[in-house]
Amino acid sequence: MIDLYSDTKTKPTPGMREAIANAEVGDAQKDEDPTVLKLERMVADLVGKEAAVFLPSGTMCNQIALKTHTNHGETVIADRLSHVLISEAGGPGLLSGVLFRQLEGNAGRYSAEQVEEAIQPGSRYQSPTTLLWAEQTNVYGGGVIWPLEQLQAVRATAQKHGLKAHLDGARLLNASVATGVPAADYAEGFDSTWLCLTKGLGCPVGAVLAGSAEFIDRARGYQHRIGGAMRQAGIIAAAGVYALENHVERLAEDHQNARMLAAGLAEIAGITVLNDPPDSNMVLFRVDETGKSVSEFLEATDEQGVKMCDFRAGQIRAVTHIDVTSDDIERALDVVETVANGR
Ligand SMILES: Cc1ncc(COP(=O)(O)O)c(C=O)c1O
């Protein structure tokens, strides 16, 4: 099976499994796990923040950041294509009691003018806007990368009005490798950001939230309250340390494979590629002109050993990652062509 469904589908490599087996561990809840401490330091340094906390998932990073930055009844500005709005099961309402002002951006990226217009200072009648939310890369936009200047402009506008800012960095390293802009530059001025270990980096578990020492201290309080404080977590943190040392530069291969896939798909009759060339590791396309529905199409590719995602609004998404080679892309293109031709 060539699994292009998501970059979350990766399996640990032999080198990563060896690092996991040999991990030094301690009680992470008591800050005694050397591997967790090492991972937290590495991520804090990489994204240019004072401190970091290792958490079980990206969703927990987002939810704890939201909870730490806001009070109930406040408003958060985010693009309508944000993961926190679409795929986190209403966590913001449940845990933080916040409202969202959803901006209609360009594939997940909005402008400083839109922010300026959306901010409400708060009054007897108005909920105050207190947090700006951005996602680099934006997943529902198709792994699109915010240009550094645009990200800086929205963040500066937020800062001017006294808002905090959070950067969902599930795939921040994809953006950084694709553009050569350091992750710390993208994260500069944001009060918090995080990296996912289970996506392009290929780890089995975890994400790391970073910010000021004071922010992380308060975030650790919420981590504990919601049951996210772990014990000998060095076992899984070791995979993160290994990935940061071995799997970052190779993200360029995933981007190259995504470009190869998009270019190949664009040649197939009936396929409409929506982002050729893709910014990072995701290709979005439509199959309307093949005469097949998305579900019929995906059932047929699945039967021939290629898994892809019924994404949203009639789009199919294919994602490249560490377990997909350029030979796999060639094979996937053959399968798509066969299915598109009705064979
Ligand atoms: C942009 C973005 N943010 C947050 C998450 C949540 O991460 P997790 O699946 O580790 O909870 C994802 C997961 O796909 C994501 O793509």
Side-chain angles (χ1 to χ4, degrees), residues 3-10 12 39 43 47 52-67 76 78-92 94-96 100 102 105 107-110 131 133-146 151 166-176 178 183 186-187 190 192-210 219 222-223 226-228 230 233 236-237 239-240 243 251 254 258 278-284 308-312 315 317-322:
D3 200 338
L4 299 170
Y5 186 94
S6 170
D7 50 8
T8 57
K9 297 285 183 171
T10 57
L39 175 65
V43 173
V47 300
V53 55
F54 178 46
L55 295 170
S57 71
T59 298
M60 199 183 280
C61 289
N62 274 346
Q63 296 304 323
I64 287 181
L66 197 50
K67 184 78 194 153
V76 181
D79 191 278
R80 68 182 182 88
L81 294 184
S82 302
H83 188 278
V84 70
L85 286 167
I86 297 175
S87 291
E88 298 185 19
L94 177 72
L95 300 167
S96 298
F100 273 89
Q102 301 190 26
R109 297 157 301 182
Y110 47 82
L131 182 65
W133 194 275
E135 194 179 298
Q136 178 73 308
T137 64
N138 180 280
V139 62
Y140 284 104
V144 295
I145 298 175
W146 286 75
L151 204 54
H166 172 76
L167 185 64
D168 175 335
R171 296 180 184 79
L172 180 57
L173 294 180
N174 288 85
S176 177
Y186 283 129
F190 282 87
S192 52
T193 190
W194 59 275
L195 300 182
C196 209
L197 303 176
T198 63
K199 304 200 166 73
L201 293 178
C203 299
V205 189
V208 186
L209 174 66
Y222 288 117
Q223 172 195 22
I226 63 172
M230 298 177 278
I236 47 177
L251 291 171
D254 300 342
D279 280 8
S280 60
N281 66 334
M282 298 182 184
V283 181
L284 304 183
M308 292 177 290
C309 173
D310 181 348
F311 195 43
R312 54 173 207 94
Q315 301 173 5
R317 183 187 73 171
V319 187
T320 54
H321 52 74
I322 191 168

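Both backbone and side-chain heavy atoms feed into the values below; hydrogens, waters and symmetry mates do not. Computed from a predicted model, the values in this text were never measured in an experiment. Atoms within a ligand are numbered from 1 in the order they appear, just like the ligands themselves.
- Under a 3.5 Å cut-off, the side chain of Asn138 and the backbone N or O of Leu81 do form a donor-acceptor pair.
- The protein heavy atom nearest to atom 14 (O) of ligand 1 is Lys199 CE, 3.0 Å.
- Of the protein's non-hydrogen atoms, the one nearest atom 11 (O) of ligand 1 is Thr59 OG1, 2.6 Å.
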Evaluate side chain to side chain donor-acceptor pair (under 3.5 Å) for Thr10 paired with His321, printing each intermediate quantity in order.
CA-CA 7 Å; Thr10 57; His321 52 74; 5.9 Å; no
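- Atom 15 (C) of ligand 1 has His83 CD2, 3.3 Å as its closest protein atom, hydrogens excluded (heavy atom only).
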Between Glu135 and His83, does the side chain to side chain donor-acceptor pair (under 3.5 Å) criterion hold? Intermediate values first, please.
CA-CA 8 Å; Glu135 194 179 298; His83 188 278; 5.8 Å; no
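- Each of the atoms 4 (C) of ligand 1 lies under 4.0 Å from some heavy atom of Glu88.
- Contacts between Asn62 and ligand 1 below 4.0 angstrom, taking non-hydrogen atoms only, involve the side chain exclusively.
- In this structure, Leu173 CG and Tyr186 OH are separated by 11.0 Å, a value rounded to the nearest 0.5 Å.
- Counting atoms of ligand 1 from 1 in the listed order, those under 4.0 Å from a heavy atom of Ser57 are 10 (O), 11 (O).
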CA sep, side-chain torsions, deciding dist, call: Gln102, Asp79, side chain to side chain donor-acceptor pair (under 3.5 Å):
CA-CA 5 Å; Gln102 301 190 26; Asp79 191 278; over 6 Å; no
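- Residues Leu94 and Gln63 form no side-chain contact, since every pair of their non-hydrogen atoms from C-beta on lies 4.5 Å or further apart.
- Among Asp310, Val139, Leu4, the one residue that satisfies the side chain to side chain contact (heavy atoms under 4.5 Å, CB included) test with Arg317 is Val139.
- Of the protein's non-hydrogen atoms, the one nearest atom 10 (O) of ligand 1 is Gly58 N, 2.8 Å.
- Of the protein's non-hydrogen atoms, Arg171 NH1, 2.8 Å is the one closest to atom 16 (O) of ligand 1.
- Nearest non-hydrogen protein atom to atom 3 (N) of ligand 1 is Asp168 OD2, 2.7 Å.
- The shell of residues lying under 4.0 angstrom from ligand 1, judged by heavy atoms, excludes Tyr140.
- Contacts between Ala170 and ligand 1, counted as non-hydrogen atom pairs separated by less than 4.0 Å, involve the side chain only.
- Residue Met60 does not touch ligand 1, judged by heavy-atom distances below 4.0 Å.
- Between Tyr110 and Trp146, the gap from one ring centroid to the other is short of 6.0 Å.
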